[in-house]
Q: 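Right, I'll just put the structure down here and ask away after.
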Amino acid sequence: MQLLLIHSDYIEYETKKKTPVAEEIEPSLKRGGMEDALTAFVAVETYDEPDPDRTAQNAAAEIKKTAEQVKTGRIMLYPYAHLSSELAKPSVAVDILKQLEEILSHDYEVARAPFGWYKAFRISCKGHPLSELSRTIRLGEGAEGAEGAGRDRSGERGGEDERAKTDKKEIVSEALKSEEKAVSHWHILTTDGELLPTDEFDFAKHPDLKRFLDYEVSKSRAVDRIPPHVELMKRLELADYEPGSDSGNMRFYPKGTLVKRLLEDYVIDTVAKRGAVEVETPVMYDVNHPTLKKYLDRFPARQYSIESDKRSFFLRFAACFGQFLMNHDMTISHRNLPMKMIEMTRYSFRREQHGELVGLRRLRAFTMPDMHTLCSDMESAIAEFKDQYAMCMDVLADIGLADDYEVAIRFTRDFYTENRQFIEELVKIVDKPVLIELWDSRFFYFVIKFEFNYIDAMNKASALSTVQIDVENAERYDIKYTDKNGENLRPTILHCSPSGAIERCIYALLEKAYLTSESGAVPSLPTWLSPTQVRLIPVAERHLKYAEEILGALVGVRVDIDDREETVGKRIRAAGREWIPYVVVIGDREVESGVLSVTVRSESRKVEETAQELRNRVASVTAGMPYRQINLPVMLSRRAVFFG
RNA sequence: GCCGCUGUGGCUUAGCUCGGUAAAGCGGCUGAUUCGUAAUCAGCAGAUCGUGGGUUCGAAUCCCACCGGCGGCUCCA
């Protein structure tokens, strides 16, 4: 709720015209006023909807406090929508206003201007120092906090944080917030194990860490420019906005779909090698399910909801629900632990604020690998955590982002005290200083988490990989395993997204490529992700047949043939604009000699090699990574244009 | 809700100040060219200029309302 409090000599209003949301009023209320009163302009917001009673109580307390300070016994409640951009439903707003009136009327003379009318009003402000005040009343952490430290800290797993936060936090008014707020302490932990306050650390050699810190702590401002990757995703025919859907729901063209599938394959393969099993769970859940209901009621605005046949569902924002419900029904022995389960959530849904949606960086529907590991106890959870931390490093390196992220580790003070050495080890493993956020007490469902954050050209940080140790949800979902004494115990649960959202990986790769081109080098995608790996350009029609032979020889490589009737120069240029790593021009010379002239994009030079050598070259740079065949007609003349 | 920016062929944009029903490049199609490492030449098709009103003999252009997109918006105004 937003409050604007004005100590006024007088306030008068007159209703003019109804709006569609107007409350019915008696004629006597059509005009009104009050002398020597505290006028409270009120905007009820969506944040207030989960708990109107508490909102009214907190607001009343705030108004009383001010009324006492300015020593007035009269209060005018005046609904004023223009104080907020996140207005609550009118019914809730009226309810809260009436409650406020009721509460305040015990101690004050209270008048209330009608809701939902265009009103003319005159007010005279006394003008002394306390005569103009504004207040924000928030359930939970509060607007400023929500935009700041809490935002995006878990990357694509953030929704879970949000719920936990509200669980733990009481309704807090602006005045009390500073005392009750989850206090974050920011530090840098160096590779030598030194925990330094951020202002004592020398960032000279770590500019990206500095940018990350700035983003986290001081929240850099939005930049009013289309992010580079948005243009690239379109131009490379990877993905695009879909005007026929809700914002933040993308369409993926064939090339983008291929890239996405390859990344998905890679993540699934990687965790499967470490024993994870793949599952699939529903995308929507009953809002009235007993285990889920109490959390969801609190965040109606953040989910997509679906009405179907008198029942209400919400769209999942991670795979936790489905997997935990599955775990709940399973019979699990200590012999099965640690037990890993992964789902490539297509999709996870989050109704992010409009202003936050950008290209592939932040979406309302996104694909996230979500793995949960049940561990017998904290000790085993810590061992797993370390394992998965190292795995995430490998994953980002394989994806092509080896040196492109900054690390944040966040934990409670208790956890730190007990596991100091473990945390220092984590820093040694990445071998660079790490941003530390330390909480005095646990406000979330986890005791420790880390993320690897990509920092883009506009200084925006986005979480990719993350792992958290969850000490609450086993209880909440009643998940248990049987130990060797036949006793039922609660497992400790790890949440892990090895790569973070797949779309976000693509975003990071494109942003990185953009930076590369800005610095004067050639931008590209890793070869294993390139939609076309080898482009064959037959000089004239008579070379086409030979080109097809070469294509046949390049087994296990994504090859296509630009058979369009265009000049060689033009087709070379087209291949370059598509970032194709290897371009082969095939003419009389090649047909005669059997040797190919291969332009290697990454080295900007030509090499002479046979088809077999080229095949080996591609195989060696893509070794160990997934392969899928080309996802478009091999002949370019057969391809339609998807964009532009 | 308020403020700002914005909406012209598939794409990128010009035209809008000072009204005369639309221009270019890319892409597409047709034809010529069969070509050796970042754009061959010529022609054709393709736009009720976001929507609805208004002013006017005449509106992409001026006015009003609405819709969509992007960004911003409390306590100093």
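Lettering follows sequence order; numbering is per chain, from 1. All heavy atoms count here, side chains included; hydrogens, waters and symmetry mates do not. All figures in this text were calculated on a predicted structure; none of them were measured in a lab.
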Q: For residues 579-589 of chain A, which residues have at least one heavy atom under 4.0 Å from RNA chain B?
A: A:Val585, A:Gly587, A:Asp588, A:Arg589

Q: Looking only at the side chain of A:Phe643 (C-beta and beyond, no hydrogens), which of the listed nucleotides B:C35, B:U37, B:C11 gets closest?
A: B:C11

Q: Below 6.0 angstrom between ring centroids: does that apply to A:Phe317 and A:Tyr304?
A: no

Q: Can you check the A:Arg571 CZ to B:U40 P distance for me, whole Å?
A: 10 Å

Q: For the backbone of A:Gly400 and the side chain of A:Lys512, can you confirm whether one donor and one acceptor N or O come within less than 3.5 Å of each other?
A: yes

Q: Just by modelled atom types, is the A:Arg504 backbone N or O under 3.5 Å from a matching donor or acceptor in the A:Arg361 side chain?
A: no

Q: What integer number of Å spans the P atoms of B:U33 and B:G15?
A: 40 Å

Q: Using the C1' atom in both, what is the distance from B:A45 to B:G9, to the nearest Å?
A: 11 Å

Q: What integer number of Å spans the C1' atoms of B:U56 and B:C70?
A: 34 Å

Q: Categorize A:Val641 for me: base, sugar-phosphate, or nothing, with a 4.0 angstrom heavy-atom threshold over every strand shown.
A: sugar-phosphate

Q: With C1' as the reference atom in both, quote the distance from B:G20 to B:C64 in angstrom, rounded to an integer.
A: 23 Å

Q: Looking at A:Arg605 and A:Glu603, is any side-chain nitrogen of the basic one under 4.0 Å from a carboxylate oxygen of the acidic one?
A: yes

Q: For B:G71 versus B:C76, give the span between their P atoms, rounded off to a whole number of Å.
A: 27 Å

Q: What integer distance in Å separates A:Glu566:CD from B:U33:P?
A: 15 Å

Q: Across the strands shown, which category fits A:Glu237 at heavy-atom distances under 4.0 angstrom: base, sugar-phosphate, nothing?
A: nothing

Q: With a 4.0 Å cut-off, would you call A:Arg535 and A:Glu578 a salt bridge?
A: yes

Q: Identify which one of A:Val634, A:Leu554, A:Ile630 satisfies the side chain to side chain contact (heavy atoms under 4.5 Å, CB included) criterion when paired with A:Val559.
A: A:Leu554

Q: Rounded to the nearest angstrom, tell me the gap between atom CD1 in A:Ile572 and atom P in B:A39.
A: 10 Å

Q: Hey, would you say the A:Phe41 and A:Tyr80 ring centroids sit under 6.0 Å apart?
A: yes

Q: Could you measure between the two C1' atoms, the one in B:C11 and the one in B:G4, and give it in whole Å?
A: 27 Å

Q: Counting only Watson-Crick pairs (N1-N3 plus N6-O4 or O6-N4) and G-U wobbles (N1-O2, O6-N3), all under 3.5 Å, who is the partner of B:U12?
A: B:A24

Q: Tell me whether the side-chain N/O atoms of A:Lys570 come closer than 4.0 Å to OP1 or OP2 in B:U34.
A: no

Q: Which listed nucleotide (B:G36, B:U33, B:A38) is nearest to the side chain of A:Arg573?
A: B:A38

Q: Would you say a side-chain N or O of A:Arg235 is under 4.0 Å from OP1 or OP2 of B:U12?
A: no

Q: What is the distance from atom CD of A:Glu231 to atom CG of A:Leu236, rounded to the nearest 0.5 Å?
A: 9.5 Å

Q: Go ahead and name the base partner of B:U34; Watson-Crick or wobble counts if both distances stay under 3.5 Å, otherwise write none.
A: none

Q: Can you label the angle between the A:Tyr253 ring and the A:Phe642 ring as parallel, tilted or perpendicular, going by 30° and 60°?
A: tilted

Q: Grab the CG-P distance between A:Asp562 and B:G27 for me, whole Å please.
A: 12 Å

Q: So, is A:Thr567 near the phosphate of B:C35, with a side-chain N or O under 4.0 Å from OP1 or OP2?
A: no

Q: Taking only the C1' atom of each, what is the distance from B:C63 to B:G19 in whole angstrom?
A: 13 Å

Q: Sort out the partner of B:G71 for me: Watson-Crick or G-U wobble, both distances under 3.5 Å, none otherwise.
A: B:C3

Q: Output the rounded distance in Å from OH (A:Tyr253) to P (B:G10).
A: 13 Å

Q: Rounded off to whole Å, could you give me the OH-to-C1' distance for the A:Tyr241 and B:G10 pair?
A: 19 Å

Q: Please figure out whether A:Val598 or A:Arg564 has its closest RNA chain B nucleotide nearer the 5' end.
A: A:Arg564

Q: To the nearest Å, give me how far apart CG (A:Leu636) and P (B:G27) are.
A: 13 Å

Q: Taking any strand in view, what nucleotide pairs with B:C66 in a Watson-Crick or G-U wobble way, both distances under 3.5 Å?
A: B:G50

Q: Please report, rounded to the nearest Å, how far the P atom of B:C35 is from the CD1 atom of A:Ile537.
A: 16 Å

Q: Mind checking the C1' distance from B:G69 to B:U30? Whole angstroms is fine.
A: 37 Å

Q: Pairing check on B:A39: which nucleotide meets the Watson-Crick or G-U wobble criteria with it, both distances under 3.5 Å?
A: none

Q: Do A:Glu590 and B:G36 share a donor-acceptor pair, side chain to base, under 3.5 Å?
A: yes

